[in-house]
2 protein chains.
Amino acid sequence: MLYLHFKEKEYPLKMKNFYARHDRLYVAVDSVIFGFDGEQLMLLLIRRNFEPCKGSWSLMGGFVKKEESVDEAASRILYALTGLKDIYMEQLHCYGDPLRDPGARTISIAYYALIKVNEYDRERVSRHNAQWFSIQSIPALVFDHNRMVNDALEALRQKAKHQPIGFELLPEKFTLPQLKKLYDAIYQKNFDKRNFSKKILSMGILERLNEKVKNHSIRPASLYRFDRKRYKQLLKEGFHFGI
Amino acid sequence: MLYLHFKEKEYPLKMKNFYARHDRLYVAVDSVIFGFDGEQLMLLLIRRNFEPCKGSWSLMGGFVKKEESVDEAASRILYALTGLKDIYMEQLHCYGDPLRDPGARTISIAYYALIKVNEYDRERVSRHNAQWFSIQSIPALVFDHNRMVNDALEALRQKAKHQPIGFELLPEKFTLPQLKKLYDAIYQKNFDKRNFSKKILSMGILERLNEKVKNHSIRPASLYRFDRKRYKQLLKEGFHFGI
DNA sequence: GCAAAAGTGTTCGGGCTACACCCATGA
DNA sequence: TCATGGGTGTAGCCCGAACACTTTTGC
């Protein structure tokens, strides 16, 4: 705070020494990218075409640059793979074992991102040799990435209980059966559809549209939209989302 | 994984180049150290006798060394201040704004620790000019440390709802009124003492001792101990702690 | 008209909340 | 004997869980 007005070269010498005594480490970010295909929760993984562990499956990641924030690095790296900006991302955890990356001492800040499974840039994705995997069948990943995935799933489950983040995984307009299937997939449960609609509709955060969608040549379902404004208003009034 | 058998000098050249292209950053850890004095939730802060921001109040922190894990660094730093080992600590969040530390580009991994307020090494604490502050009256801290404290409080509140971590802040033997006061302090509420004891005792994780304690010359209260073995057993049976 | 998924209400029980009085002790 | 905090039980209400049948459409 006190020193914000110094340019780097002007720091008092003792301050420069204070930092210079210490080690500097590579700082990576890795992204657990979730999607939802209508039935299963999915994960976007890349096949590494670079060392170390070339040819293995891996989370998308990259190194934090000196002049960017860690959050910005995470967004930049998500953009590089998907072409998407302004995506819901949460910092998950910092993984800091000195042996976790055999190539060099690298700590990694893992994030998880929720994207709509149809709205990404397919050209970028194929350029990175990326593929979607069901969370039921995740391959062996490099380093500690499987642990990151497990931790991300757990964090997503916790978060989705108390925050309306499921909508980040669905298209703008969706049906109640779709929404229920999403929560079924997240929690590997089979929610009761009556109780589920009662609960979600009673919150008053869904706007029912005057449109229906014909699913697979059966009875069409009503479309809904998540009403963000209404949700924020309710938050101010002390409302608490909960599944 | 594949490269674990290489010593650093033997890495393939392309791997060394892969890392060498990137920036290395200072990585700090900062600890939000909580205690409980019987009435209020307390925070252990140091007055910095080193630059930058010498003389200001600050969380205890330090830099991660190349050969230690981030968790180890956090434990080492907690030990340096308190002389305590094997303390309950949770990683909180990584703070990665490039301007957060005006001295140099430093990311910080914040932790929170729960210690018993009477069991620390007073000599070390005074050597670091450290003092306890009530969470009601936290002074202005350096950098983004106030934000860390707020985030740690929020995380502690969330965690303590679902995990029996409150006991980390109490002596081995404690009374129900003490425990209630602790939760009162954490949530800034006034729990109903009847409902509180009903709930906590019904979980079956407290062992009632055949001892009483004379508080302050009033009616003595029964002492209890948190039964860790029983708790772990219950966990296996699907039990879920909850306040 | 039949197959397939959408949509809709009620009942029951358990848990949370609110609430007030007596008890044990030290001064 | 009085002041102080420890300790205990009950009743109402709300919310979550369980559960089945009718409706709409395409084929």
Side-chain angles (χ1 to χ4, degrees), chain A residues 37-40 157 160-162 170-171 173-225 234 238-243, chain B residues 36-40 160-162 170-171 173-185 187-225 234 237-243:
Chain A
D37 73 352
E39 294 294 332
Q40 280 300 311
R157 286 179 177 139
K161 275 184 195 167
H162 307 292
L170 291 175
K173 302 173 180 184
F174 53 85
T175 67
L176 284 189
Q178 276 180 306
L179 188 62
K180 173 182 127 53
K181 276 188 179 170
L182 170 62
Y183 281 92
D184 286 350
I186 293 176
Y187 295 103
Q188 301 283 304
K189 273 196 199 175
N190 184 13
F191 288 92
D192 181 275
K193 63 178 174 175
R194 284 165 289 194
N195 294 336
F196 184 81
S197 12
K198 240 181 304 172
K199 180 141 196 188
I200 203 90
L201 291 176
S202 72
M203 294 186 211
I205 56 176
L206 292 192
E207 181 190 358
R208 181 176 188 149
L209 306 174
N210 283 326
E211 300 177 62
K212 303 213 168 192
V213 70
K214 30 182 190 280
N215 279 0
H216 328 87
S217 72
I218 332 183
R219 174 177 177 178
S222 287
L223 284 168
Y224 290 82
R225 176 158 42 201
L234 286 170
F239 167 79
H240 181 73
F241 178 92
I243 285 289
Chain B
F36 177 61
D37 73 351
E39 294 294 332
Q40 280 299 312
K161 275 184 195 167
H162 306 293
L170 291 175
K173 302 173 181 184
F174 53 85
T175 68
L176 284 188
Q178 275 179 308
L179 188 62
K180 172 182 129 51
K181 277 188 179 171
L182 170 62
Y183 281 91
D184 286 350
Y187 296 102
Q188 300 284 304
K189 274 197 201 173
N190 184 13
F191 288 92
D192 181 275
K193 63 177 174 175
R194 284 165 291 194
N195 295 335
F196 184 82
S197 14
K198 240 181 303 172
K199 179 142 197 186
I200 203 90
L201 290 176
S202 72
M203 294 187 212
I205 56 176
L206 292 191
E207 180 189 358
R208 181 174 189 151
L209 306 174
N210 283 326
E211 301 176 61
K212 304 215 168 193
V213 70
K214 31 183 188 281
N215 277 2
H216 328 89
S217 74
I218 331 184
R219 174 177 176 178
S222 288
L223 284 169
Y224 291 82
R225 175 158 43 199
L234 286 169
E237 299 167 12
F239 168 78
H240 181 72
F241 179 93
I243 286 290

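Here is how names work: the chains are called A, B, and so on, in the same order as the sequence lines, proteins then strands, and each is numbered from 1. Computed over heavy atoms, backbone and side chain alike; hydrogens, waters and symmetry mates excluded.
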Find the distance A:Lys161:NZ to D:dG16:P and express it as a whole number of Å. 14 Å

With a 4.0 Å cut-off (strictly under) to non-hydrogen atoms of chain A, the first and last hit nts on DNA chain C, 5' to 3', are C:dA4 to C:dT10

B:Phe191 CZ to D:dG6 C1', in whole Å, measures 19 Å

Side-chain contact test, heavy atoms from C-beta onward, threshold under 4.5 Å: evaluate it for A:Met203 versus A:Phe239 and give yes or no. yes

Short question: side chain of A:Asp184, backbone of A:Phe191 - any donor-acceptor pair under 3.5 Å? yes

If I take atom NZ from residue B:Lys193 and atom CG from residue B:Leu176, how far apart are they, to the nearest 0.5 angstrom? 11.0 Å

Taken to the nearest 0.5 Å, the spacing of A:Asn195 CG from A:Ile200 CD1 works out to 12.5 Å

To the nearest 0.5 Å, what is the distance between NE2 on B:His162 and CZ on B:Phe241? 10.0 Å

Out of curiosity, B:Asp192 CG to B:Lys180 NZ, how far, rounded to the nearest 0.5 Å? 7.5 Å

Can you give one letter per nucleotide of nucleotides 18-27 of chain D, 5' to 3': B if a protein heavy atom sits under 4.0 Å from the base, S if only from the sugar-phosphate, - if neither? BBB--BBSSS

May I have the distance from B:Leu223 (atom CG) to D:dG6 (atom P), rounded to whole angstrom? 12 Å

Contact check, side chains of A:Arg225 and A:Glu211, non-hydrogen atoms, under 4.5 Å: no

Picking from A:Thr175, A:Leu201, A:Leu179, A:Leu209, what satisfies side-chain contact (heavy atoms from CB on, under 4.5 Å) with A:Tyr224? A:Leu201

Just to confirm, is there a sub-4.0 Å distance from OP1 or OP2 of D:dG7 to any side-chain nitrogen or oxygen of B:Ser222? yes

